[in-house]
S.K.: 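What follows is a structure written as structure tokens; I'll ask about it next.
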Number of protein chains: 2
Amino acid sequence: MPDVILDNKVFYNPVDFALKKIGGTWKMPVLWRLRIKTMRYSEIQEHIKHISQKMLTQTLKQLEADGFIDKKIFAEVPPRTEYSLTEKGRKAIEVIDYLRNYGLNLMLEAGINYQEMVEQEKRKKI
Amino acid sequence: MPDVILDNKVFYNPVDFALKKIGGTWKMPVLWRLRIKTMRYSEIQEHIKHISQKMLTQTLKQLEADGFIDKKIFAEVPPRTEYSLTEKGRKAIEVIDYLRNYGLNLMLEAGINYQEMVEQEKRKKI
DNA sequence: TCCGCTACGAACTTTTTGGTGTGTAAACTG
DNA sequence: CAGTTTACACACCAAAAAGTTCGTAGCGGA
């Protein structure tokens, strides 16, 4: 299997390539929120707990550069930007959904009922 | 979305969980070779160029601990061990195959014909 | 006029991941 | 009886990824 070099990065295989694009800790979580609706920066930040500003900014920038999301800047004060999925981004959602289901199965095998945990979180807030 | 802690590790979401199990640079390449047949340590090493002994050993150990592969040790000298997929490992192959196809599509969009490159590599060796 | 608001940028530190280089058991070979 | 072979372990090192802290533009409101 040959190595592929693009943008000064080495890719060992197609999976590696895919995960350099949508992998890492934050890209999928961000894409996943945007699957429902367009969101502004601060809105995404509220939805994804733990994410730091730096990571969110970096993630959004890369996803935009790679064509997964669109960015709309409103020339207002205080500033406002809105992010939405592109067609490419919507395709990525299918992959994330697939991986998510696999992950849920693995978690069940390990005795973790994730979806039940999500339900409990919701009830706490009410 | 709640955090899950297992084996002293924090998982933010199901995808994260799945990729902690079969992600990283080498786990999928190793599983992918084993999809065809049982292989011994040195055989895997020859198939996956670039992989170091440490990484191969570590990868195999984790995959075994997580139940993706079986290890058979032959009490011989020099030592011989054989690795094969478990049922869980075979399920992972489906996921890898899915991700692989997605990666191939992304590469095509980026103007890289990976499969053609693989063909060329083969011809070189003949 | 001073403050707050939003969406960042830059510098720095920590954590995680991967790589290198060396050592070892133990039987067989010449 | 020294050399070879295989599948590792261990100690150390480099690079990549992520996290923390601080700073900033510029308008509207008190």
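Numbers restart at 1 for each chain; the letters A, B, ... are given by sequence-line order, proteins then strands. Note that the structure is predicted; figures quoted are calculated from it, not measured. Because only heavy atoms are used, hydrogens play no part in the values below, and waters and symmetry mates are left out as well, while side chains stay in.
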S.K.: Need one value for B:Q53: base, sugar-phosphate or nothing, where a base atom within 4.0 Å counts as base even if backbone is also close, heavy atoms only.
M.R.: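 Base contact.
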
S.K.: For A:I51 and D:dA17, give me the distance from atom CD1 to atom C1', rounded to whole Å.
M.R.: 13 Å

S.K.: Where do A:I22 and A:A92 come nearest, in terms of heavy atoms and distance?
M.R.: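 Looking at all heavy atoms of both residues, the closest pair is CG2-CB, 4.4 Å.
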
S.K.: For D:dC8, does OP1 or OP2 lie under 4.0 Å from any side-chain N or O of B:T57?
M.R.: no

S.K.: B:I44 CD1 to D:dC8 C1': how many Å, rounded?
M.R.: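 Rounded to whole Å, this separation is 13 Å.
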
S.K.: Base, sugar-phosphate alone, or nothing: which one does B:K20 contact when heavy atoms must sit under 4.0 Å apart?
M.R.: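 If one applies the 4.0 Å heavy-atom cut-off, B:K20 turns out to touch nothing in the nucleic acid.
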
S.K.: Please report the distance, rounded to the nearest Å, between CD in B:Q45 and P in D:dT6.
M.R.: 10 Å

S.K.: Counting only N and O atoms by type, is there a donor-acceptor contact under 3.5 Å from the side chain of A:Y41 to the main-chain atoms of A:L56?
M.R.: no

S.K.: If you look at every heavy atom in B:V15 and A:M28, which pair is closest and at what distance?
M.R.: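 The answer is CG1-SD, 3.4 Å.
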
S.K.: Is it the case that the side chain of A:T86 and the backbone of A:F68 share a donor-acceptor pair, with hydrogens and angles ignored and the cut-off at 3.5 Å?
M.R.: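 Yes, A:T86 side chain to A:F68 backbone: donor-acceptor pair under 3.5 Å.
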
S.K.: Of the nucleotides D:dA18, D:dC8, D:dG26, which has the atom closest to the A:P78 side chain?
M.R.: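 In terms of side-chain proximity for A:P78, the closest of D:dA18, D:dC8, D:dG26 is D:dG26.
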
S.K.: D:dA16 C1' sits how many Å from A:L19 CG, rounded?
M.R.: 16 Å

S.K.: Quick one: does B:R90's side chain have a donor or acceptor within less than 3.5 Å of a partner on B:L85's backbone?
M.R.: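 Confirmed, B:R90 side chain pairs with B:L85 backbone.
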
S.K.: If hydrophobic clusters are built from ILVMFWY residues whose side chains come within less than 4.5 Å, do B:V118 and B:I48 share one?
M.R.: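 Result: yes, single cluster for both.
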
S.K.: Nearest whole Å is fine: how far is D:dA7 C1' from B:K61 NZ?
M.R.: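 To the nearest whole Å, that distance equals 12 Å.
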
S.K.: Which comes earlier along DNA chain D counting from the 5' end, the contact point of A:T25 or that of B:I73, where each point is its nearest nucleotide?
M.R.: B:I73

S.K.: Can you work out whether B:S42 or A:Q58 has the more 5'-proximal nearest nucleotide on DNA chain D?
M.R.: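 Upstream on the strand: B:S42.
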
S.K.: With heavy atoms under 4.0 Å as the rule, sort A:F74 into base, sugar-phosphate or nothing.
M.R.: nothing

S.K.: Is B:K54 close enough to D:dC13 that one of its side-chain N or O atoms is under 4.0 Å from OP1 or OP2 there?
M.R.: no

S.K.: List the atom of A:Y83, the atom of A:L34, and the distance in Å for their closest heavy-atom pair.
M.R.: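 Nearest pair, atom of A:Y83 first, then A:L34: O-CD2, 3.4 Å.
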
S.K.: In terms of the angle between their ring planes, are A:Y98 and B:Y98 parallel, tilted or perpendicular, with boundaries placed at 30° and 60°?
M.R.: parallel

S.K.: Counting the atoms with a prime plus P, OP1 and OP2 as sugar-phosphate, which does A:S52 contact under 4.0 Å by heavy atoms, base, sugar-phosphate, or nothing?
M.R.: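 Base, at least one base atom sits under 4.0 Å.
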
S.K.: How would you give the extent of chain B contacts on DNA chain C, as first and last nucleotide 5' to 3' within a 4.0 Å heavy-atom cut-off?
M.R.: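 Boundary nucleotides touching chain B, in 5' to 3' order, are C:dG18 to C:dA27.
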
S.K.: Verify the contact: side-chain N or O of B:T81 to OP1 or OP2 of D:dT6, cut-off strictly under 4.0 Å; return yes or no.
M.R.: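 No, no such contact exists.
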
S.K.: Separation of A:K27 atom NZ from D:dA16 atom P, in whole Å?
M.R.: 15 Å

S.K.: How many whole angstroms separate atom CD of B:E64 from atom P of D:dA7?
M.R.: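 Nearest whole value for this atom pair: 15 Å.
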
S.K.: Expressed in angstrom and rounded to an integer, what is the separation of B:M55 atom CE from D:dA7 atom P?
M.R.: 18 Å

